[in-house]
Amino acid sequence: MISLNLPALHPGQQQVVQEAKRHNVVIAGRRFGKSVLLRDRLIHEAAAGRPTAWVSPTYKMVSESWRSILQYLQPMVIESNVTERRILLSTGGSIEFWSLDAIETTRGRAYSVIAVDEAAMAANLEAVWKEVLRPTLTDYVGKSWWGSTPRGFGFLKNLYDRGQDPSSAEWKSWQFETSTNPYIAGSEVDTAREDLGERSFDQEFRGQFIDLQNSVFRNIYECATAERLDGPQAGGGPYVFGIDWAGTGRGDYTVVSILDAGARAFVALDRWRSAEYGLQLARVRGMYEHWKPAAIIAEANSMGAPLIAQLRGDGIPILEFVTTNPSKAFAIEQLSLAFERRTIQIIPDATLIAELQAFSASRLPSGMVRYAAAGGTHDDCVIGLMLAWAAIEGPEAVESRLIMSDDPASEEFGLYVPRVEISDY
């Protein structure tokens, strides 16, 4: 019997192995051990007699993985071709190595497993996956493994999002910080934080998707100190809802963001999609009865206006949020300023944090600034939070009106809503 001496997986890597599905996306900070994990998965498959493939962005990276995997598999190697980058094993299994700059030559191959290392470095990743790599898994109903530190936004973020969607039966994704690796000294991570600055550190060591050039919000983690609440608390509030609607046929989510105006803390989030309008209204009614908010601010464009009208007909006090592009920019900038000054608290919700990190600013040809989610990601949670935050900002810089409410605390805490409109781009 031939035995292989492979590196022991640390707890974070073991978690991935235990929870894995058919397609697996591991997003992590530097030195987490992504490549070690992918090599482990590929070696196990090849040693079991299956055809596999390793994919790296560059030829140099392919060469490094080739040497490492060949060393571990040496006891069962019957042929290794350095020119063709192919390893054949005594079990009948094999590993072929490809760089993304020559990936077209994999057409016609069939694999049981492929591993794509540092996928964020690939500029044409979507085309590579759909036109080249995915078809190679058809014969064996094969698996894919993806490991990378993120670099901005792109198709890898889309794959990660699929893995986070509970309705996606074949995809699973994880996000790990460098500090998850017990073999990395904590002092070294702390030093990197000081050297890199917050945003670069979030990307390189926290494994977060960041637009380093155009991101809008800073100090996100420093503000993620609020306690998640299941309902109103004695002595808390008044509470404010911000509602961002989604259409029934779209991929967006309807989000209800709940803000404690007194504490200036975002304390709860309800998020759903693909719900009929009647169910959405029922859900909002139920939350209104539970929280008794002093104010509700809801997006009024598109389907928002008739939904607001129905809620008003039920006796629920709800205000429209209708705007021009400049006033949306003002509302976003007010929220960004709150993060900059750390005058807001948010719950440490992974979806919300990811959306805040992905939210970016870009200059339009007209000179106006466009605020939107980067790389086709969602921004529903950001807009919901923006709406709720706008309700507690005063009218100093924009024309506004006091929210009408039976709660005298509304005026005490300055619950205001600018006449603004959410623009979908």
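Not measured: the values here are computed from a predicted model.
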### Pair listing, salt bridge (Lys or Arg N to Asp or Glu O under 4.0 Å) test, anchored in residues 36-57, at least two apart
E45-R50, E45-K143
In plain terms, say whether [X] and [Y] are close enough for a salt bridge, that is, a side-chain N and a carboxylate O under 4.0 Å apart.
{"X": "E96", "Y": "R109", "answer": "yes"}
{"X": "R67", "Y": "E64", "answer": "no"}
{"X": "K157", "Y": "D161", "answer": "yes"}
{"X": "R31", "Y": "E188", "answer": "no"}
{"X": "D117", "Y": "K34", "answer": "no"}
{"X": "E340", "Y": "R218", "answer": "yes"}
{"X": "E289", "Y": "R285", "answer": "no"}

Heavy-atom closest pair, residues [X] and [Y]:
{"X": "P238", "Y": "A294", "result": "CB-CB, 3.7 Å"}
{"X": "N181", "Y": "G33", "result": "ND2-N, 4.5 Å"}
{"X": "I318", "Y": "A298", "result": "CD1-CB, 3.7 Å"}
{"X": "M386", "Y": "I332", "result": "SD-CD1, 3.4 Å"}
{"X": "T343", "Y": "R264", "result": "O-CB, 3.7 Å"}
{"X": "H10", "Y": "Y183", "result": "CB-CE1, 4.1 Å"}

Donor-acceptor under 3.5 Å ([X] side chain, [Y] main chain):
{"X": "T149", "Y": "A28", "value": "yes"}
{"X": "T91", "Y": "A47", "value": "yes"}
{"X": "E299", "Y": "G304", "value": "no"}
{"X": "T180", "Y": "E177", "value": "yes"}
{"X": "D260", "Y": "Y239", "value": "no"}
{"X": "Q345", "Y": "A224", "value": "no"}
{"X": "T191", "Y": "S187", "value": "yes"}
{"X": "S173", "Y": "R162", "value": "no"}
{"X": "T136", "Y": "L133", "value": "yes"}
{"X": "T178", "Y": "F205", "value": "yes"}

Report yes if the side chains of [X] and [Y] come closer than 4.5 Å at any heavy-atom pair, otherwise no.
{"X": "L156", "Y": "W129", "value": "no"}
{"X": "V267", "Y": "W291", "value": "yes"}
{"X": "I243", "Y": "I297", "value": "no"}
{"X": "V284", "Y": "Q280", "value": "no"}
{"X": "C381", "Y": "Y253", "value": "no"}
{"X": "V128", "Y": "L100", "value": "yes"}
{"X": "Y288", "Y": "P293", "value": "yes"}
{"X": "V256", "Y": "L269", "value": "no"}

### Message
When you measure from the centre of the six-membered ring of Y221, is the NZ or CZ of R206 closer than 6.0 Å and no more than 45° off the axis?
### Response
yes
Quick one: pull up [atom1] in [X] and [atom2] in [Y] and give me the separation to the nearest 0.5 Å.
{"X": "L88", "Y": "I78", "atom1": "CG", "atom2": "CD1", "value": "5.5 Å"}
{"X": "Q74", "Y": "L89", "atom1": "CD", "atom2": "CG", "value": "10.0 Å"}
{"X": "S336", "Y": "F359", "atom1": "OG", "atom2": "CZ", "value": "10.0 Å"}
{"X": "I87", "Y": "L73", "atom1": "CD1", "atom2": "CG", "value": "6.0 Å"}
{"X": "W272", "Y": "L279", "atom1": "CH2", "atom2": "CG", "value": "10.0 Å"}
{"X": "I346", "Y": "L335", "atom1": "CD1", "atom2": "CG", "value": "9.0 Å"}

### Task
Please collect all side-chain hydrogen bond (donor to acceptor under 3.5 Å, both in side chains) contacts where either partner lies in residues 226-236, sequence neighbours excluded, each pair once.
R228-D349
### Task
Take R342 and E222, measure what side-chain contact (heavy atoms from CB on, under 4.5 Å) needs, and give me the verdict at the end.
CA-CA 8 Å; R342 304 184 188 184; E222 287 73 10; 3.9 Å; yes
### Task
I would like to know whether I69 and I95 meet side-chain contact (heavy atoms from CB on, under 4.5 Å); could you show each step before the answer?
CA-CA 9 Å; I69 291 176; I95 302 180; 3.6 Å; yes
#### Entry: Neighbour count above 12 (heavy atom, 6.0 Å) for N5 CG
no
### Query
Counting only heavy atoms not in R85, do more than 12 sit closer than 6.0 Å to its CZ atom?
yes
### Full working for ring pair (Phe, Tyr, Trp, His ring centres under 6.0 Å) between W54 and W145
CA-CA 10 Å; W54 178 274; W145 285 86; over 10 Å; no
### Query
Does any donor atom in the side chain of S144 or W146 lie under 3.5 Å from an acceptor atom in the other side chain?
yes
### Message
If only side-chain N and O atoms count, and only distance matters, is there a donor-acceptor pair under 3.5 Å linking Q164 with W171?
### Response
no
#### Entry: side-chain contact (heavy atoms from CB on, under 4.5 Å) evaluation trace for I353 with Q357
CA-CA 6 Å; I353 288 174; Q357 291 173 326; 3.9 Å; yes
### Task
List the steps, then state whether side-chain contact (heavy atoms from CB on, under 4.5 Å) holds for I258 with V240.
CA-CA 6 Å; I258 302 176; V240 177; over 6 Å; no
